[in-house]
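If you read the sequence from its start, that first residue is 1, and numbering goes on from there.
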Amino acid sequence: MLSQLEQFLPNKDPNSLKNFPFFWISQINGKYTQLIEKSIKKLGIDNTRRKIILSVNAVSEASITEIANLSTIKLTTATKAVYRLVEDDIVEVFSSQLDERVSMVKLTEKGQQMVEQINQISQVTLAGILHAFEEDELHDLNKQLKKLFDLMPSN
């Protein structure tokens, strides 16, 4: 099986990198991050805080560990960023009812407004890019990316 996959792995041929799917995933993520960071600067947040705000919004409330996992950032980075967001009145932190040792996070009213602003900026920033795809192509792309994700071992 590996011999069939060798054509998709980077080797000494410089062009081989372009056959490696994770090369493209990394390139797309990097370019997307640069575009979004440039766009959200006017909101006074960075990409880490944007990811946290959107993650909390998606699940209503979550522990800092869950937020770090959803946002694909280190726990220490997430913790620092969450408390900066608390200072800015974008999120609030409270103890879990199930385990008071666990810090839970939820958006404030200002945080919910921030989600709307982030989504507006993202829509404008990505409109030209995503507009090039049919809706079913985007569904298929998400399905394939999810399949890759699900096949990868967890930490």
Side-chain angles (χ1 to χ4, degrees), residues 8 10 17-18 20-155:
F8 299 105
L17 206 52
K18 293 178 181 173
F20 185 50
F22 293 96
F23 168 80
W24 291 113
I25 291 170
S26 176
Q27 292 295 306
I28 291 165
N29 184 58
K31 214 170 196 181
Y32 170 75
T33 300
Q34 288 174 344
L35 280 171
I36 291 298
E37 280 184 336
K38 186 177 178 183
S39 299
I40 62 173
K41 259 187 190 173
K42 59 187 105 184
L43 297 178
I45 59 171
D46 58 18
N47 194 48
T48 297
R49 286 183 268 186
R50 177 193 66 85
K51 290 165 75 173
I52 290 170
I53 292 166
L54 294 179
S55 294
V56 173
N57 183 61
V59 295
S60 296
E61 60 183 54
S63 70
I64 295 177
T65 301
E66 291 168 325
I67 292 166
N69 290 335
L70 284 172
S71 303
T72 61
I73 53 180
K74 292 180 181 179
L75 181 58
T76 54
T77 303
T79 303
K80 289 176 191 173
V82 163
Y83 283 99
R84 284 196 314 253
L85 290 168
V86 168
E87 291 171 7
D88 294 338
D89 193 37
I90 294 171
V91 299
E92 62 181 75
V93 175
F94 58 97
S95 294
S96 167
Q97 291 180 352
L98 298 174
D99 183 347
E100 291 186 6
R101 298 170 296 173
V102 176
S103 294
M104 301 295 290
V105 181
K106 71 177 184 178
L107 293 174
T108 62
E109 180 66 33
K110 184 177 177 183
Q112 291 168 352
Q113 292 169 1
M114 181 72 72
V115 169
E116 291 176 26
Q117 292 174 308
I118 291 168
N119 286 338
Q120 287 172 354
I121 288 170
S122 296
Q123 188 172 5
V124 169
T125 303
L126 299 174
I129 299 163
L130 296 180
H131 190 69
F133 289 88
E134 297 292 328
E135 187 176 339
D136 62 330
E137 289 178 305
L138 289 172
H139 286 295
D140 289 342
L141 177 60
N142 279 334
K143 184 178 175 182
Q144 294 300 317
L145 291 171
K146 183 181 180 320
K147 182 177 180 179
L148 266 176
F149 179 83
D150 289 342
L151 290 169
M152 299 192 75
S154 299
N155 294 352

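- Residues Asn142 and Lys146 fail the side-chain proximity criterion, which asks for heavy atoms closer than 4.5 Å.
- Considering every non-hydrogen atom in both Arg49 and Ala81, the closest pair reads CG-CB, 4.1 Å.
- Here the CD1-CZ distance, from Ile25 to Phe23, works out to 12.0 Å after rounding to the nearest 0.5 Å.
- Between the CG atom of Asn57 and the CD1 atom of Ile118 there is a distance of 8.5 Å, given to the nearest 0.5 Å.
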Item to check | Chi angles and distances behind the side chain to side chain contact (heavy atoms under 4.5 Å, CB included) call for Ile52, Ile73 | outcome: CA-CA 9 Å; Ile52 290 170; Ile73 53 180; 3.8 Å; yes
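- By the 6.0 Å contact criterion, CZ on Phe94 is enclosed, its count of non-hydrogen atoms from other residues, nucleotides or ligands being greater than 12.
- Of the inter-residue distances, the one linking Glu61 atom CD with Ile67 atom CD1 reads 10.0 Å to the nearest 0.5 angstrom.
- Looking at every heavy atom in both residues, Trp24 comes nearest to Lys18 through NE1-O, 2.7 Å.
- Looking at Lys143 and Asp140, no side-chain N of the basic residue comes within less than 4.0 Å of a carboxylate O on the acidic one, giving no salt bridge.
- The CG atom of Leu85 sits 5.0 Å away from the CD1 atom of Ile53 when rounded to the nearest 0.5 Å.
- Put simply, CD1 on Ile36 and CD1 on Ile45 are 10.0 Å apart, with the number rounded to the nearest 0.5 Å.
- Between the side chain of Lys110 and the backbone N or O of Asp88 there is at least one donor-acceptor pair closer than 3.5 Å.
- In this structure, Arg84 and Asp46 have side chains that are in contact, with non-hydrogen atoms separated by less than 4.5 Å.
- Atoms OG and CD1, from Ser71 and Ile64 in turn, are 11.5 Å apart once rounded to the nearest 0.5 Å.
- Of the possible polar contacts, one joining the Thr33 side chain to the Asn29 backbone as a donor-acceptor pair under 3.5 Å is found.
- When each of Ile40, Leu43, Leu107 is paired with Met114, the side chain to side chain contact (heavy atoms under 4.5 Å, CB included) condition holds for Leu43 and for no other.
- Looking only at distances, a side-chain donor or acceptor of Thr108 sits under 3.5 Å from a matching main-chain atom of Ile90.
- For Ile129 against Thr125, the heavy-atom pair with the smallest separation is CD1-O, 4.2 Å.
- The two residues Pro21 and Phe8 come nearest to each other via the heavy atoms CD-O, 3.8 Å.
- Taking both residues in full, the closest heavy atoms of Ser39 and Lys42 are given as O-CE, 3.1 Å, listed atom of the first, atom of the second, then distance.
- Residues Gln120 and Val124 have side chains not in contact (no heavy-atom distance under 4.5 Å, counting atoms from C-beta outward).
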